[in-house]
Asks: 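Below is the structure I would like to discuss, written out as structure tokens.
Here is how names work: the chains are called A, B, and so on, in the same order as the sequence lines, proteins then strands, and each is numbered from 1.
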Amino acid sequence: MTAHLPILMAIIPLLVGMAAPLLVLLSAPLARGVVLLAALATLGCSAATLIRVLDAGRAWHYYLAGWPPPWGIEYVIDPLSGVMTTLVSFFALAALIYAGPYLEARRALEKGTFYALFLLTVGGLMGMCVTGDLFNLFVFLEICSLAAYALIAAGGRRSLVAALRYLIIGSVAASMYLLGIGYLYVMTGSLNMADVATLLPPLLDSPAGILAVVLIAAGLAIKVALFPLHGWLPDTYSYTPAPVLGFIAAVMTKVSAYALYRIFYFVAEAAGPVSATLEVLGWLAAAGILFGSIMAIAQRDFWRMLAYSSVGQVAYIILGLAIGNSLALIGAVLHIISHAVVKGLLFFIAGSIKWQTGTRRIADFAGLARQMPLTMGIFLVAAMSMIGVPPLIGFFGKWYLVLGSIEAGAWGFVAVLIISTLLTAVYFFRVIERVYELDKLRPEIEYGSEAQGLPSETSETAGRPLRVRPGTGGRLELPATMLVPVILLGVSVILLGIYNELLVTNVIQYALPWRLP
Amino acid sequence: MFDGVVAYYLTGYTNWWLIAILLLIGFWGIVTQQNLLKKVMALNVMQVAVILFFLNAGQKAGTTLGVLRASEKVGDVSAYVNPLPHALMLTAIVVALAITGVALALLLRVYRSYGTLEEPEVFRRMQQQ
Amino acid sequence: MNTEALLSNVPLLVVSVSAVAAGLILLLNRPGLSARRRNVRDLVGVVAALGKFALVLTMLPPVLAGGVVESAPLYIAKDIAFYFRVDAFGLLFALLSSSLWVIVSVYSLGYMRSLRYGHEAGFYAAFALSLSAAAGIAMAGNLLTFFVFFEILTIATYPLIVHRRNKEAVYGGREYMVYLLIAGQLLLIAVAWTHFLAPGVGFTPGGFLAETGASTLALQVLFVLFILGVGVKAAIIPLHGWLPTAMVAPTPVSALLHAVAVVKAGAFGVVRVTGFVFGPELLWALGAGLILACFAAVTIIFASLKALSENHLKRRIAYSTVSQLSYIVLGAALASPAALVGAMFHIVAHGYMKITLFMCAGAIYATAHKEYVSQLDGIGRKMPYTMGAFAVAALAITGMPFFAGFVSKWNLGVGAVEAGLPIFIAVLIGSAVLNVGYFFPVVFQAYFGRCLEPETHAVAAAAEPAVPAAATAHHNHPGGHAGQEGHEDQGEARPLMLYPLLVTAAAAFLFGVVPNFGMHFLELAEIAAREVTQGGLWSVGGGVSR
């Protein structure tokens with residue numbers, strides 16, 4: 001069994017996802033139990049694989065159906081992909097736990113569909129992280145994207161259009177990526193990542209090579225929502241239902257960034273057209289960081305603010321990739337982890353606020369700290385991490401990026417990083433001021449016409465009364481299944497920050513490419 | 001001489017030119033068309049172009065399909081077209097199909113919700129609510 | 001230079017005690033708490049303060065003997081350890097902040113209960129966390145640890161500034177954050193750059209940047225970044241704008257944090273940067289020492305001038321703080337042995353003196369609800385002990401012999417001569433004169449001005465009194481104006497507020513006479529100054545030719 005862990009990680013979510021609608025017809029709690037168990041099993045597999053790879057000191061190559069590469073499809077687990085799979089499966093579990101209250105009132109078919117689509121997304125993402133074959137990456141990319149499009153579309157009428165736009169843009173991106181690897185195939189005759197890595201270097205500086213690199217970069221940059229190709233992200237994040245959003249915002253763009261990292265540093269080498277492309281990406285990332293932060297300041301809707309914040313924050317990762325020295329790459333990977341945890345947490349909190357009070361506008365948040373003190377306390381921690389206050393995890397991602405920029409002499413990037421920290425502080429402090437003010441809560445907050453539940457939009461949202469609980473006094477401020485992931489992630493932010501060095505020296509350091517410029 | 005180079009690139013690479021034109025038609029359609037269904041159709045065209053790219057890459061002059069009859073044994077590989085792109089593209093076609101399916105489902109719901117498939121009109125009706 | 005390092009967990013405990021206390025206070029908080037439970041919750045802060053002070057005291061003997069107390073490094077980033085290294089200078093600051101926390105936590109009980117602001121739990125918790133951060137800053141062994149606690153201090157003090165939650169407080173908080181966050185980010189660049197130049201090196205007496213071989217221009221830019229980073233907290237002009245605005249905070253905050261913890265953290269940072277990162281030789285080689293000294297001098301004079309025209313009592317004291325902090329910066333910039341002793345001792349002396357002044361101002365506000373200097377006529381008769389303490393502290397700040405301020409001023413003067421720049425003595429004297437100008441009228445008016453009743457007597461009599469007159473007035477007071485308490489509904493401040501400020505006033509006097517009383521502050525300063533300047537320009541035969 002343990003010999004097949006790499007494939008199990010991707011297969012379990014896919015299989016259980018397909019079985020979920022049938023299980024739901026039998027019994028909804030059974031289905032939920034099985035689904036949670038599957039997520040837990042996936043997490044277990046990921047963690048076990050990561051530990052095994054770290055112990056062994058070299059990557060784990062798993063040949064699908066025993067066919068050796070380059071004829072067969074190969075799955076490769078090295079510390080980098082191990083980190084990504086653990087991250088994805090952890091968030092899958094957290095989001096599934098968090099989604100409990102949202103799903104309770106749904107019809108059986110809707111529940112089943114949700115589980116199926118969600119697990120398909122998870123399976124696709126896991127596959128993307130472990131695969132060692134370029135075309136296989138495309139297939140899993142499309143699997144997770146499609147399931148995500150459908151999940152997003154379940155959020156009500158407005159999300160339909162957003163999902164459609166995302167679908168079109170995402171498919172264009174995937175086609176560009178496919179074309180890119182087509183060129184790579186034509187040049188090298190192989191689709192296996194390791195194989196291409198050995199065959200590619202002499203061929204890279206040709207028109208075909210340049211085109212391949214540019215196409216792959218463009219395709220993945222769209223999926224990463226790099227400025228100026230970020231247009232799909234704010235609308236999509238604004239209208240997705242909360243549990244889905246917490247998961248997608250946390251991991252989807254990161255996995256595409258991981259794919260970019262993988263291809264540019266492990267398959268190709270950072271020379272010639274790749275380094276030129278990375279330089280362009282770096283400047284676009286710098287612009288994106290500033291753009292995202294400035295736009296976030298201008299938002300009145302909390303979810304949209306977080307969406308633009310994501311545009312800026314994911315650009316940090318691309319910035320790290322662009323700078324390219326080992327410190328910056330460590331910073332990029334650390335920021336992948338840090339942003340996933342913090343942004344997932346923030347979106348969970350945003351969902352919780354909407355769940356409790358029905359509002360998404362920052363102006364309505366006045367006095368929220370009295371109603372939900374624990375959640376808002378955790379929000380404070382998350383905001384501080386995103387601003388970059390040590391010793392939280394967000395600071396250390398920035399620290400390595402700043403160090404890497406100084407080492408590379410890229411003082412412009414240092415300035416961008418610093419300015420964006422201050423801009424982030426502006427838009428978070430706005431919310432903090434609002435939340436901790438002592439104004440009375442506005443009495444009757446109407447629910448907006450946009451429903452934020454799953455499939456049906458005419459369900460019980462209209463009937464849920466505004467809960468105003470003055471103090472804790474024994475009753476929890478949120479349903480327990482929503483509170484637990486929030487608390488867990490909040491604690492992780494602190495712990496990961498303090499112990500980030502362990503993470504860096506034991507794991508991330510081995511996630512660096514073996515040939516650096 | 002100029003004629004020679006141009007003619008060489010035009011005629012020797014005809015297939016590629018056609019694929020490129022198809023790709024650009026698809027991309028153009030996505031960007032400029034207002035009707036959502038037409039966008040999806042253009043997306044399809046673009047995906048087909050990419051698929052043709054792969055298939056074209058696997059072509060070899062004077063070869064036959066990469067299908068082995070039961071009575072034959074694998075002889076000289078150079079008599080057959082490269083089958084790998086075909087296999088890959090089967091997958092890609094299925095993916096494109098799935099995308100089209102989801103897109104059509106979404107289009108259906110958009111039509112039911114807003115009564116139109118013209119993008120500006122859809123946005124206008126969205127703002128009104 | 002035998003510095004034997006004593007490995008111990010005490011530094012970590014010191015920081016943790018108050019952090020844990022903060023957590024406890026938050027956890028013990030429920031709305032609608034009974035009075036008894038509230039007392040328990042508030043006492044947690046006081047107990048934690050006492051515990052912390054006791055822990056810090058245990059580190060005194062080894063450090064006095066010339067060693068340092070280190071904690072095991074916890075690697076917090078690649079190649080950088082997060083560790084504490086308590087040398088003489090760090091212990092000085094740690095003792096100051098922890099001893100004053102004990103006093104202020106008692107004081108704030110009285111103050112907050114008088115004014116009944118509400119949501120006190122958050123207040124005490126943030127207070128405790130800020131003290132944690134201050135202790136961390138004091139004991140930090142390298143720049144990154146220092147930076148971590150520096151930022152935590154910024155964040156932890158924000159809720160304290162906006163505590164009143166009115167518009168003024170919120171805007172004040174915003175200005176505070178703008179200044180301090182920008183400074184923090186500039187400091188981040190400086191710390192990262194230093195790490196790049198000299199990876200893994202901690203604070204070294206005498207500096208370590210000279211050996212890195214970086215260009216002069218780079219080092220100058222680096223110095224500017226550092227000073228901008230720490231100088232905002234140290235309120236060097238023109239970076240001082242946040243301090244008067246921060247006076248919207250309740251007085252315990254102003255007293256401890258903006259007289260002692262936050263601003264002293266900045267000044268502490270300046271001394272660390274000049275003495276332990278750059279070092280005296282490099283400082284003067286870059287020309288940075290002279291420029292910094294000039295900025296400090298400008299700050300000293302201008303802030304005092306602004307204090308003269310300021311009518312709001314706390315803001316006047318705030319400008320005085322700005323001015324006094326630059327004594328420390330001046331000493332750090334001059335970087336001669338005596339100047340450093342003066343600077344380091346002034347961190348302590350000014351802490352005690354200023355905290356007395358703030359606590360008096362707060363007691364006056366809480367008891368008689370007067371905020372402005374013009375309202376203070378005759379209040380000395382109603383609150384004789386409070387104003388007495390105020391007078392003692394004012395005398396001390398001016399630099400009267402036998403008071404704490406004199407010790408540091410004297411050393412600074414000697415240091416200026418040692419550094420070959422006796423002009424700065426003029427600055428010190430000028431500042432002393434200005435101090436008299438803005439504090440003594442307050443004292444005089446308080447005791448001899450017409451009472452606050454509708455009798456609007458001419459208060460122009462509050463011209464600059466002759467110094468001997470005020471001194472004799474002060475000496476006459478204990479026997480004279482007793483028995484005025486209980487007059488009308490006000491009267492002397494509550495005991496919880498009164499006793500702490502009497503203690504610190506007494507300390508302001510005591511440290512002037514016996515500078516090493518109890519906590520050996522002067523000795524610590526001397527040890528530290530010796531470490532920094534050893535083996536440098538002053539290693540042989542004193543005096544410098546530049």
Side-chain angles (χ1 to χ4, degrees), chain A residues 70-71 73 117 120 133-136 138-143 145-154 156-187 189-191 208 215 219 235 239 448-450 455 457, chain B residues 16 19-20 23 26-27 29-31 33 36-37 39-58 82 84-85 87-89 91-92 94-114 117 119 122-123 125-129:
Chain A
W71 298 280
I73 295 179
L117 290 172
L120 276 177
D133 181 287
L134 288 168
F135 187 76
N136 206 234
F138 166 74
V139 172
F140 277 113
L141 177 67
E142 289 287 54
I143 291 178
S145 303
L146 269 177
Y149 304 147
L151 274 177
I152 291 166
R157 297 171 67 172
R158 290 194 160 206
S159 62
L160 285 176
V161 183
L164 195 56
R165 282 187 79 196
Y166 184 24
L167 184 149
I168 295 177
I169 297 177
S171 304
V172 169
S175 307
M176 288 208 264
Y177 171 79
L178 186 60
L179 198 54
I181 62 174
Y183 272 101
L184 282 182
Y185 174 66
V186 167
M187 284 195 292
S190 166
L191 284 167
L215 281 170
D235 283 327
Y239 300 128
S449 56
E450 75 249 28
E457 72 253 30
Chain B
W16 301 107
I19 293 174
L23 189 71
F27 192 69
I30 292 174
V31 169
Q33 290 305 308
L36 291 171
L37 183 58
K39 279 193 204 259
V40 175
M41 290 198 276
L43 178 66
N44 244 312
V45 169
M46 198 177 152
Q47 288 168 328
V48 166
V50 176
I51 290 171
L52 284 178
F53 174 92
F54 268 83
L55 294 177
N56 208 23
N82 187 350
L84 183 59
L88 296 176
M89 289 306 106
T91 313
V94 171
V95 169
L97 173 69
I99 294 176
T100 312
V102 175
L104 288 176
L106 287 177
L107 282 173
L108 207 54
R109 291 211 55 193
V110 167
Y111 188 73
R112 284 201 192 133
S113 299
Y114 295 105
L117 282 181
E119 199 181 11
V122 168
F123 277 126
R125 292 188 193 182
M126 245 170 63
Q127 308 300 348
Q128 277 173 351
Q129 291 161 5

Asks: At a 4.5 Å cut-off on heavy atoms, which part of B/M126 comes close to chain A: side chain, backbone, both, or neither?
Replies: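 Both backbone and side chain.
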Asks: To the closest 0.5 Å, what do you measure between OG (A/S175) and CZ (B/F53)?
Replies: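 Atom-to-atom, A/S175:OG and B/F53:CZ are 13.0 Å apart.
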Asks: Please test B/L88 against A/F138 for side-chain contact (heavy atoms from CB on, under 4.5 Å), starting from the C-alpha separation and ending with a verdict.
Replies: CA-CA 11 Å; B/L88 296 176; A/F138 166 74; over 6 Å; no
Asks: For the candidates B/P85, B/G58, B/A105, which exhibits the highest count of non-hydrogen atom pairs separated by less than 4.5 Å from chain A?
Replies: B/P85
Asks: Could you pull out the closest heavy-atom pair between A/F135 and B/M89, with the gap in Å?
Replies: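 Of all heavy-atom pairs spanning A/F135 and B/M89, the closest is CE1-CE, 4.0 Å.
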Asks: How long is the gap from NZ on B/K39 to OG on A/S171, to the nearest 0.5 Å?
Replies: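 Spacing of NZ (B/K39) from OG (A/S171) equals 13.0 Å.
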Asks: Using non-hydrogen atoms only, which part of B/V122 is less than 4.5 Å away from chain A: side chain, backbone, both, or neither?
Replies: side chain
Asks: Taking A/L191, A/L164, A/V186 one by one, which has the highest count of heavy-atom pairs under 4.5 Å against chain B?
Replies: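 Heavy-atom pairs under 4.5 Å are most numerous for A/L164.
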Asks: Chain B heavy atoms under 4.5 Å from A/V172: which part of the residue, side chain, backbone, both or neither?
Replies: both
Asks: Where is the tightest heavy-atom contact between B/V50 and A/L179, given as atom of each residue plus distance?
Replies: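 Distance-wise, the nearest heavy atoms are CG1-N, 4.0 Å.
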Asks: Find the distance between OG (A/S145) and CD1 (B/I99) and round it off to the nearest 0.5 Å.
Replies: 8.0 Å
Asks: Do the side chains of A/L178 and B/V95 get nearer than 4.5 Å, heavy atoms only?
Replies: no
Asks: Which atoms of B/I51 come close to chain A, meaning under 4.5 Å heavy atom to heavy atom: side chain ones, backbone ones, both, or neither?
Replies: neither
Asks: Could you grab the distance from atom CZ of A/R165 to atom CZ of B/F123, nearest 0.5 Å is fine?
Replies: 5.0 Å
Asks: Look at the aromatic rings of B/F54 and A/Y185 and report parallel, tilted or perpendicular, splitting at 30° and 60°.
Replies: parallel
Asks: Say you draw a straight line from CG of A/L160 to CZ of B/R112; how long is it, rounded to the nearest 0.5 Å?
Replies: 11.0 Å
